[in-house]
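These notes concern the structure reproduced below.
Note that ligands are numbered from 1 as they come in the structure, with each ligand's atoms numbered from 1 the same way.
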Amino acid sequence: MEFHGTAKTNRLGHLEIGGVDTVQLAEKYGTPLYVYDVALIRERAKAFKRTFEKAGITAQVAYASKAFSTVAMVQLAAEEELSLDVVSGGELYTALAAGFPTEKIHFHGNNKSYEELVMAIEHNIGCVVVDNFHELDMLMDICKEKNTVIKVLLRVTPGIEAHTHDYILTGQEDSKFGFDLQNGQADEAMRKSIEAKQIDVLGLHCHIGSQIFETTGFILAAQKIFEKLHQWKKEMSFESTVLNLGGGFGIRYTNEDDPIPAAQYVEEIIAEVKKQASQYSMKMPEIWIEPGRSLVGDAGTTLYRIGSRKDVPNVRQYVAVDGGMSDNIRPALYQAKYEAILANRAMDKPEETVSIAGKCCESGDMLIWDLPLPKSGDQDILAVFCTGAYGYSMANNYNRLPRPAVVFLEESKDTLVVRRETYEDMVKLDLPLKEKVKS
Ligand SMILES: Cc1ncc(COP(=O)(O)O)c(C=O)c1O
Ligand SMILES: N[C@@H](CCCC[NH3+])C(=O)O
């Protein structure tokens, strides 16, 4: 199996990441445990930025924090001079708590509340990505009341079916997101925004989906958007200064995945935008992108301790770990596939095929089906790779399982960035009906 980033086997035969022995980490912090290879996140961020710089394109690379939003991660994004995409008051609050520069925050979401919009405006965030008419009206009201102007992008739906799981498609016509580019909605939104004194339209946004392996969808989206921009230039004298083509760049979870390098997505997008701008004699817009998964996905690994085993003769060996769909819901939600090894016996060859079960009370709580592993037993440490995106951020307390801690690894140092939830945390929001029931 191909390791990601700084992951390797050390002289004890253990999996090491960022120069730190993961077996020692499991001892020190307990399991399940999310660990991140910080150098790999930095490398991914630099690769995106470098590609724009090399091409001489003014750009913003906004980290889509929904992939993994914590104060430390947002601070890391700031260190790497990324912008930040937030999609809720909670993500915005996290960014503010991290001290992220507010002018580089972009606020997304298909149902932002009045309170969330007020929060965004009061903190002078960089721009709001407007999704629908309801939001546009609220924004105008709030700005009128506060006598201010808000910079916006209009999110458009270009009518493109990217090749990915149905649940993570967003650019198709029948989508809950954005103004439809073809049925007149986007035209109306643009007209309304241009007329409103409180709205400063920087340009358009579009996000076609997630875990996408080819550039065709991005190219098509750019073409459709430019067709529309050309029309708006003639009809409304509108020229876009920004074109945000979203995120969605795919990563390799298993050998079945064959993504192109980040730089290639960006190079092909730049080439198409240049071509379109020149074809319509329009100014080259700034290009913004919003990678989430491709910045943090393969930098994350989850460490579990193996517990019970169940043999279904001639059918399957179930091997259970101390986490599951509560810390990684992706296999249950999208039939997502992962690779894993035994962190404490990283050199051992596979001897059997087992299926990794979680500990939640659901038959569907299976993390990996048919995984080749060395003969494993109680207390072995299973390392599941590529859990850095939409793992911690989609974690939950089903069965009142406390969410795992998160540790950053870099230059042989481990730093706890999210502490493990405790049983006390599990009941801290509960309000009792009475004093403890006496037995
Ligand atoms: C609007 C928007 N931008 C960016 C992203 C990030 O996507 P990904 O993590 O696939 O890069 C998403 C999630 O799909 C999204 O909805
Ligand atoms: N949460 C999804 C991706 C959705 C991204 C947000 N639009 C995943 O784990 O793949």
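- Under the 30°/60° scheme for interplanar angles, the aromatic rings of Y392 and F68 are found to stand perpendicular.
- Relative orientation of the Y318 and W369 rings is perpendicular, given thresholds of 30° and 60° on the angle between their planes.
- Every atom of ligand 1 is numbered from 1 in the order shown, and the set under 4.0 Å from a heavy atom of G247 is 4 (C), 11 (O).
- In the candidate list G248, A62, S65, G250, G248 is nearest to atom 11 (O) of ligand 1, counting heavy atoms.
- Nearest-residue assignment for atom 12 (C) of ligand 1 (options Q211, E290, H207; heavy-atom criterion): H207.
- Nearest heavy atoms, K283 versus E239: N-OE1, 3.3 Å.
- Ligand-side atoms of ligand 1 in range of P291: 11 (O), range being under 4.0 angstrom from any heavy atom.
- At least one heavy atom of Y390 sits less than 4.0 Å from an atom of ligand 1.
- Residue contacts with ligand 1: G246 is excluded, as none of its non-hydrogen atoms falls under 4.0 Å.
- No side-chain N or O of S326 forms a donor-acceptor pair with one of R403 less than 3.5 Å apart.
- In this structure a side-chain-to-backbone donor-acceptor pair under 3.5 Å is present from Q75 to A98.
- Considering both main-chain and side-chain atoms, S210 never comes within under 3.5 Å of ligand 2 through any nitrogen or oxygen pair.
- Counting heavy-atom neighbours within 6.0 Å of K49 NZ, excluding the residue itself, gives a total above 12.
- In this structure a side-chain-to-backbone donor-acceptor pair under 3.5 Å is present from D322 to R305.
- In this structure a side-chain-to-backbone donor-acceptor pair under 3.5 Å is missing from S376 to V319.
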Could you walk me through whether E91 and H108 pass the side-chain hydrogen bond (donor to acceptor under 3.5 Å, both in side chains) check?
CA-CA 10 Å; E91 285 184 2; H108 264 288; over 6 Å; no

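- In summary, the atoms of ligand 1 found under 4.0 Å from a heavy atom of A64, numbered by their order in the structure, are 4 (C), 5 (C), 6 (C).
- Close contacts of ligand 1 with H108, meaning ligand atoms under 4.0 Å from a residue heavy atom, involve 1 (C).
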For H205 and W288: C-alpha separation, side-chain torsions, deciding distance, then whether side-chain contact (heavy atoms from CB on, under 4.5 Å) applies.
CA-CA 9 Å; H205 171 280; W288 295 6; over 6 Å; no

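- Atoms of ligand 1 lying under 4.0 Å from any heavy atom of R155, numbered from 1 in the order shown and given with element: 1 (C).
- Contact atoms of ligand 2 toward K66: 6 (C) (distance under 4.0 Å to a heavy atom of the residue).
- At least one heavy atom of R330 sits less than 4.0 Å from an atom of ligand 2.
- Looking at S294 next to ligand 1, no N or O pair under 3.5 Å apart turns up.
- Considering backbone and side-chain N/O atoms, S210 comes within less than 3.5 Å of an N/O atom of ligand 1.
- The part of M394 lying near ligand 2 is the side chain, judged by heavy-atom distances below 4.0 Å.
- Annotation: R293 places an N or O atom under 3.5 Å from an N or O atom of ligand 2; distance criterion only.
- Contact detail for T215 and Q264: the closest heavy-atom pair is CG2-O, 4.4 Å.
- When each atom of ligand 1 is checked for a heavy atom of D85 under 4.0 Å away, the hits are 3 (N), 4 (C).
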